[in-house]
K.L.:
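Have a look at this one before I ask anything.
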Number of protein chains: 2
Amino acid sequence: MTIMPKQVDHDFRRRSIASAAIRVIDAVGLDAARLTDVAREGEVTTGAVTHYFASKDAVIEAALAEVVRRILDGQAAVDDNVLAADDLIGALSSFLPVDEEARRDWRVWFAFWGRAIVNERLRALHRDYYAEISRRLTRTLTILQDAGRLPPGATAADVADAVIAVIDGLGVRATFEPDLWPPARQVRVLHLLLIPILSNPGGGETAR
Amino acid sequence: MTIMPKQVDHDFRRRSIASAAIRVIDAVGLDAARLTDVAREGEVTTGAVTHYFASKDAVIEAALAEVVRRILDGQAAVDDNVLAADDLIGALSSFLPVDEEARRDWRVWFAFWGRAIVNERLRALHRDYYAEISRRLTRTLTILQDAGRLPPGATAADVADAVIAVIDGLGVRATFEPDLWPPARQVRVLHLLLIPILSNPGGGETAR
DNA sequence: GTTTTGGCATAATGGTCATTATGTAAAAGC
DNA sequence: GCTTTTACATAATGACCATTATGCCAAAAC
């Protein structure tokens, strides 16, 4: 930390620009997002953007990393309360796109999928993200499994990935068709799918 | 059909170019796909492309329409065999990205999601597609419901959309992480999630 | 076989950005 | 207070590509 001139929180500025990029991406789409838009949204100039990022791809990559970071932070908060409240499905429902803010996160998340297909670095980020969220959920479910509350014959990992798949699948529909998927319906279908695999022999009803 | 010069199957050429666009989109991504690439892939020139489509957006839209058409054709074939074979889940597994060809369809399908967020016409196509597939599946499930084989208290529409969500969710993971999701695992998790809601009181095990 | 017209190839144009280059202010060190 | 170095702003460059323009060719009609 022995830098000489003009102290600036380098990391903070990068994050700030990445956040601006997220807002722009949500507004106009990933490929229509221009660096000048990002700069304006972040209340800086393109000079600042290029100063902090080597290329446009780097900006996009940072934006995805920021999105992932936020989602994982959210999950961490949820995880902490899951076992205590004994309401796993209720906690999981907080990931669904039930309000405009959550829908925005989902939209941006989707925007990256198309790129991740052809961009190796984004694909790696995507992979790492799912690996991490799957790992965490598997750990939580292992505790349930030890209590005999998972379907016999299913591994905790399979159940965790099944849960993730359900949330992703519902997230897609609800994000694109919010009027067909009011929060109540999202939660209803979530319960329909998850009650059978998350509240088996041993324990009582997990929710409702 | 009283056209004078040079008879050409207009519709066939459009589809041919749309198919070329699909291949290009899979190879390089939606936004990196150039019209010259599409032309080369379709073994025509850009002149032909612009002759058949008013703009690049029109080409992309036609490509999405072609993808949707293919998927729906696939579903129609499946639907016909579902009730006869009494193996709904087995039939549904044919939608999963279990081989490279299916993964390609899924990849291209994902590529459009990012655009559908900000492009009204693509969003409408996306919506219509899901409406149609949901409608068909609901119809099939209504028959099962009448036979008392759906969970009591669940509507056929909810079960249908739950099934679609599961397939979408598994599709995402398996497409991006094929090595973590060999076909056997996809099918296993599909059964884990669907057996409880598709083979309830009345009938026997639906698959396995 | 001549004319007509759509089907398309080829080439030209122009707009849109990402990137690069250059300049400036301001803070830190001495 | 002078120098140095970073942090940016502003302006210039240039590549890339969709779109447009032009023209040719081939088949149909007569």
Side-chain angles (χ1 to χ4, degrees), chain A residues 1-25 27-64 111 114-115 118-119 121-122, chain B residues 1-25 27-64 111 114-115 118-119 121-122:
Chain A
M1 291 294 181
T2 44
I3 314 156
M4 288 139 274
K6 213 182 200 175
Q7 298 248 19
V8 169
D9 189 335
H10 197 78
D11 219 56
F12 177 81
R13 296 309 278 271
R14 277 181 63 95
R15 277 230 193 114
S16 164
I17 293 172
S19 295
I22 290 172
R23 293 193 295 275
V24 172
I25 289 168
V28 304
L30 183 46
D31 52 299
R34 294 164 299 182
L35 285 189
T36 57
D37 297 333
V38 173
R40 192 178 321 113
E41 179 69 32
E43 292 177 342
V44 291
T45 63
T46 61
V49 176
T50 60
H51 179 72
Y52 283 102
F53 296 94
S55 67
K56 185 182 179 180
D57 270 359
V59 176
I60 288 171
E61 194 179 321
L64 176 56
R115 281 271 173 118
V118 293
N119 181 320
R121 294 177 63 88
L122 293 187
Chain B
M1 292 292 179
T2 45
I3 314 155
M4 288 139 274
K6 211 182 201 175
Q7 300 249 18
V8 169
D9 188 335
H10 197 78
D11 219 57
F12 177 81
R13 294 311 277 275
R14 278 181 62 96
R15 276 230 195 115
S16 165
I17 292 173
S19 295
I22 291 173
R23 293 193 295 276
V24 172
I25 289 167
V28 303
L30 183 46
D31 52 300
R34 294 165 299 181
L35 286 190
T36 57
D37 297 334
V38 174
R40 192 177 322 114
E41 179 69 32
E43 292 176 344
V44 292
T45 62
T46 61
V49 177
T50 60
H51 180 72
Y52 283 102
F53 296 93
S55 67
K56 184 182 180 180
D57 271 359
V59 175
I60 288 171
E61 196 177 307
L64 175 56
R115 281 270 173 117
V118 292
N119 181 319
R121 294 177 64 88
L122 293 188

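Computed from a predicted structure; not experimentally measured.
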K.L.:
If I take atom CZ in residue B:Arg13 and atom P in nucleotide C:dC8, what distance separates them, rounded to the nearest angstrom?
P.N.:
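B:Arg13 atom CZ is separated from C:dC8 atom P by 5 Å.
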K.L.:
Can you tell me how far the CD1 atom of B:Ile17 sits from the CZ atom of B:Phe12, to the nearest 0.5 Å?
P.N.:
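One gets 10.5 Å once the value is rounded to the nearest 0.5 Å.
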K.L.:
At 4.0 Å (heavy atoms only), tell me whether A:Ser55 reaches a base, stays on the sugar-phosphate, or touches nothing.
P.N.:
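The answer is sugar-phosphate, as A:Ser55 gets under 4.0 Å only of primed atoms, P, OP1 or OP2.
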K.L.:
How many Å lie between CD1 on B:Ile60 and P on D:dC17, as a whole number?
P.N.:
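The answer, rounded to whole Å, is 13 Å.
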K.L.:
State which of D:dA11, D:dC17, D:dA7 makes the closest approach to the side chain of A:Thr46.
P.N.:
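It is D:dA11.
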K.L.:
State, to 0.1 Å, how close A:Ala20 and A:Val38 come at their nearest heavy-atom pair, and which atoms those are.
P.N.:
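It is CB-O, 3.7 Å.
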K.L.:
Go through D:dA18, C:dT20, D:dT19 for me and flag the one nearest to the B:Thr50 side chain.
P.N.:
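Selected nucleotide: D:dT19.
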K.L.:
Please compare A:Gly47 and A:Ala32 by the position of their nearest nucleotide in DNA chain C and report the one closer to 5'.
P.N.:
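Taking each residue's closest nucleotide, the earlier one in sequence belongs to A:Ala32.
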K.L.:
Whole-Å distance between D:dC16 C1' and A:Asp31 CG?
P.N.:
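After rounding, the gap between these two atoms is 15 Å.
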K.L.:
Under 4.0 Å, heavy atoms only, any strand: does B:Ala39 hit a base, just the sugar-phosphate, or nothing?
P.N.:
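If one applies the 4.0 Å heavy-atom cut-off, B:Ala39 turns out to touch nothing in the nucleic acid.
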K.L.:
Grab the CG-P distance between A:Leu35 and D:dT13 for me, whole Å please.
P.N.:
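After rounding, the reported distance stands at 20 Å.
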K.L.:
Do the charged groups of A:Asp37 and A:Arg34 touch, with an N to O distance under 4.0 Å?
P.N.:
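A salt bridge links A:Asp37 with A:Arg34.
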K.L.:
To the nearest Å, how far apart are B:Ile17 CD1 and C:dC8 P?
P.N.:
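After rounding, the reported distance stands at 8 Å.
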K.L.:
Could you give the CZ-to-P distance, from B:Phe53 to C:dC8, as a whole number of Å?
P.N.:
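Answer to the nearest Å: 12 Å.
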K.L.:
Side chain of B:Lys56 only, please: which of D:dA18, C:dC8, D:dA7 is the nearest?
P.N.:
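So the side chain of B:Lys56 is nearest to D:dA18.
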K.L.:
Quick one: pull up CD1 in A:Ile60 and CG in A:Leu122 and give me the separation to the nearest 0.5 Å.
P.N.:
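Result: 7.5 Å between the selected atoms.
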K.L.:
Salt bridge (charged side-chain N to carboxylate O under 4.0 Å, His left out) with A:Asp31: which residues, sequence neighbours excluded?
P.N.:
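Expected list: B:Arg115.
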K.L.:
Between atom NE2 in A:His10 and atom P in D:dT6, what is the gap in whole Å?
P.N.:
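Answer to the nearest Å: 12 Å.
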K.L.:
Tell me the interatomic distance from A:Arg34, atom CZ, to D:dC16, atom C1', rounded to whole angstroms.
P.N.:
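Rounded to whole Å, this separation is 16 Å.
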